[in-house]
Asks: 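Okay, here's the structure, questions in a sec.
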Amino acid sequence: MTPFNKPYLTGREAPNIAEALAARKLSGDGPFTKRCQAMLEGLLGSGRTFLTTSCTDALEAAALLCEIEPGDEVIVPSYTFVSTANAFALRGAIIRFADSYANHPNMDPASVAALIGPQTKAIVPVHYAGVACDMDALAELAEHNSAQIVEDAAQGIASSYKGRPLGTLGDYGAFSFHETKNIIAGEGGALHVNRADRVRQAEIVREKGTDRSAFFRGEVDKYGWVSLGSSYLPSEMIAAFLLAQLEDIDAIQARRLAAWYRYAAILEPLAQEGAIELPTIPAYATNNAHMFFLLCPDLETRTALLEHLKADGIYAAFHYQALRSSPFFADQAGPDTPHADRFSHTLVRLPLFAELGEDEAERIAHSVVHFFKR
Ligand SMILES: *Cc1c(COP(=O)(O)O)cnc(C)c1O
């Protein structure tokens, strides 16, 4: 069977972890953490980056940094992972679900415009499949309404909007290094802070609400509880693993992109004929080959396609249930999100991982073609 995902190992992970163990510095913010943060800051070009235990935690830290209070409204896409909304719901926010574009899961600024107002404290765009949202349009809406922007860039490493890296376009950006992402640490994430005036507070939030970081820099002579916060630091073993991956990012990306473009070349004629839809990448966005997805005409076709692929030894996958229709939220107020619902029912993700290889991508794509030509 070809799995849907296979975590990629560079070979440097275990030696790095052994080095961390030998150094007997195991908790957070040691040398491996600092090296990862410096590499990420190099990739992102501006702002400060802090490793976190997950993207979920980076989003929760961002919600604290936005000073969300009960009753504040936060706009998130309906078609996303639970954490995008849950991080703000934990702070008592009223979640407002924006719909996707008709032809792409990304949040449509027109839908955001219909929900935003003085009660809106934050907008949380998700760069689905690593393809940028229309950040200029969202930034204009945010500015008009004094709302902050938290980018859920969980899937967005090594991708950009008008030449600027994803995660650096809002006030805060959240990345994931979960084993299903391009660059992995098992579980892990990063919080990127673009506002110089919030770096100090980010350190406090990440260090259990204490000014411990300032203490270790010698800026205060004792440290204590100064704010709300939590424990978001990954251990040095996680950072040691992650460093190996970050050092190989170009090779990992090259392999993923090669498989992605092989899929696209073989499936494009099927899209031309109208049998499936393929996503288009807007001129302002880049493709980081986080995901290859296609849209089936309806749910029945999708179910049959997934079965057909399984019979051919291929594990493909659908994706999110639109959060607007989730059991936790369904009976709350707010407009429906029909485009998000359509993606819930018709979207298929094909296997994509660094070790997949172009030949296997070709076999999988031909299996899809065969299904539609029967
Ligand atoms: C993976 C993902 C998350 C969660 O990341 P974790 O690191 O597992 O917490 C959040 N949002 C989106 C859009 C994701 O794809």
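Atoms within each ligand, like the ligands themselves, are counted from 1 in listed order. Only a predicted model underlies this, so the values are computations on that prediction, with no experimental measurement involved. Side chains included, hydrogens not; waters and symmetry mates left out as well; all remaining heavy atoms used.
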Asks: Quick one: does Thr80 get an N or O within less than 3.5 Å of an N or O on ligand 1?
Replies: no

Asks: Suppose I only count heavy atoms of Gly188 and a 4.0 Å limit; which atoms of ligand 1 are within that range?
Replies: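 Result: 7 (O).
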
Asks: Does Cys55 reach ligand 1 with a nitrogen or oxygen that is under 3.5 Å from one of the ligand's nitrogen or oxygen atoms?
Replies: yes

Asks: Out of curiosity, is Tyr320 lining ligand 1, as in a heavy atom under 4.0 Å away?
Replies: yes

Asks: Before accepting this row, confirm whether a basic side-chain N of the pair Glu360/Arg363 lies closer than 4.0 Å to the acidic partner's carboxylate O.
Replies: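 Looking at Arg363 together with Glu360, the answer is yes, because their closest N to O distance falls below 4.0 Å.
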
Asks: Could you walk me through whether Asp108 and Ser100 pass the side-chain hydrogen bond (donor to acceptor under 3.5 Å, both in side chains) test, one step at a time?
Replies: CA-CA 5 Å; Asp108 183 349; Ser100 304; over 6 Å; no

Asks: Below 6.0 angstrom between ring centroids: does that apply to Phe329 and Phe97?
Replies: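 When the ring centroids of Phe329 and Phe97 are compared, they turn out to be within the sub-6.0 Å range.
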
Asks: How close does the nearest protein non-hydrogen atom get to atom 15 (O) of ligand 1, and which residue and atom is it?
Replies: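 Minimum-distance protein heavy atom for atom 15 (O) of ligand 1 reads Gln155 NE2, 2.8 Å.
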
Asks: Do NZ/NE/NH1/NH2 and the carboxylate oxygens of Glu73 and Lys121 come within less than 4.0 Å?
Replies: no

Asks: Would you call Ala174 a ligand 1 contact, heavy-atom distance under 4.0 Å?
Replies: no

Asks: Around atom 1 (C) of ligand 1, find the nearest protein heavy atom and jot down its residue, atom name and distance.
Replies: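 Going by distance alone, atom 1 (C) of ligand 1 is nearest to Lys181 NZ, 1.7 Å.
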
Asks: So, using salt bridge (charged side-chain N to carboxylate O under 4.0 Å, His left out) as the criterion, who are the partners of Arg262 when residues are at least two apart?
Replies: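 Result, salt bridge (charged side-chain N to carboxylate O under 4.0 Å, His left out) vs Arg262: Glu358, Glu362.
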
Asks: Under 3.5 Å, N or O to N or O, is Thr56 touching ligand 1 that way?
Replies: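 Indeed, backbone or side chain, Thr56 has an N or O that close.
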
Asks: With heavy atoms only and a cut-off of under 4.0 Å, state how Phe175 meets ligand 1: side chain, backbone, both or neither.
Replies: neither

Asks: Which of the numbered atoms in ligand 1 are under 4.0 angstrom from any heavy atom belonging to Val126?
Replies: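 Counting from 1, the qualifying ligand atoms are 13 (C).
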
Asks: What residue and heavy atom of the protein are closest to atom 3 (C) of ligand 1, and at what distance?
Replies: Phe81 CD2, 3.6 Å

Asks: Counting only heavy atoms closer than 4.0 Å, does ligand 1 sit against the backbone of Asp152, its side chain, both, or neither?
Replies: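 Only the side chain of Asp152 comes within reach of ligand 1.
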
Asks: Is the distance between the ring centroids of Tyr223 and Phe215 under 6.0 Å?
Replies: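 Yes, they do, as the ring centres are separated by less than 6.0 Å.
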
Asks: Anything under 30° is parallel, anything over 60° is perpendicular, the rest tilted; go ahead and classify His308 against Phe371.
Replies: tilted

Asks: Return the closest protein heavy atom for atom 12 (C) of ligand 1 as residue, atom name and distance.
Replies: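 In this structure, atom 12 (C) of ligand 1 has Ala154 CB, 3.4 Å as its nearest protein heavy atom.
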
Asks: Report, one line per pair, each donor and acceptor closer than 3.5 Å where one atom sits in a side chain of residues 239-247; sequence neighbours left out.
Replies:
from, atom 1, to, atom 2, distance (Å)
Gln245, OE1, Ile184, N, 3.1
Gln245, NE2, Tyr8, O, 2.8
Gln245, NE2, Glu13, OE2, 2.9

Asks: Please report which non-hydrogen protein atom sits nearest to atom 7 (O) of ligand 1, along with the residue it belongs to and the distance in Å to one decimal place.
Replies: Ser176 OG, 2.7 Å

Asks: With heavy atoms only and a cut-off of under 4.0 Å, state how Ser54 meets ligand 1: side chain, backbone, both or neither.
Replies: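 The answer is both, backbone and side chain.
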
Asks: Can you check whether Val150's main-chain N or O pairs, donor with acceptor, with Asp171's side chain at less than 3.5 Å?
Replies: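 No; zero donor-acceptor contacts below 3.5 Å.
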
Asks: Between His319 and Tyr128, is the ring centroid distance below 6.0 Å?
Replies: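 Ring centroids of His319 and Tyr128 are less than 6.0 Å from each other.
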
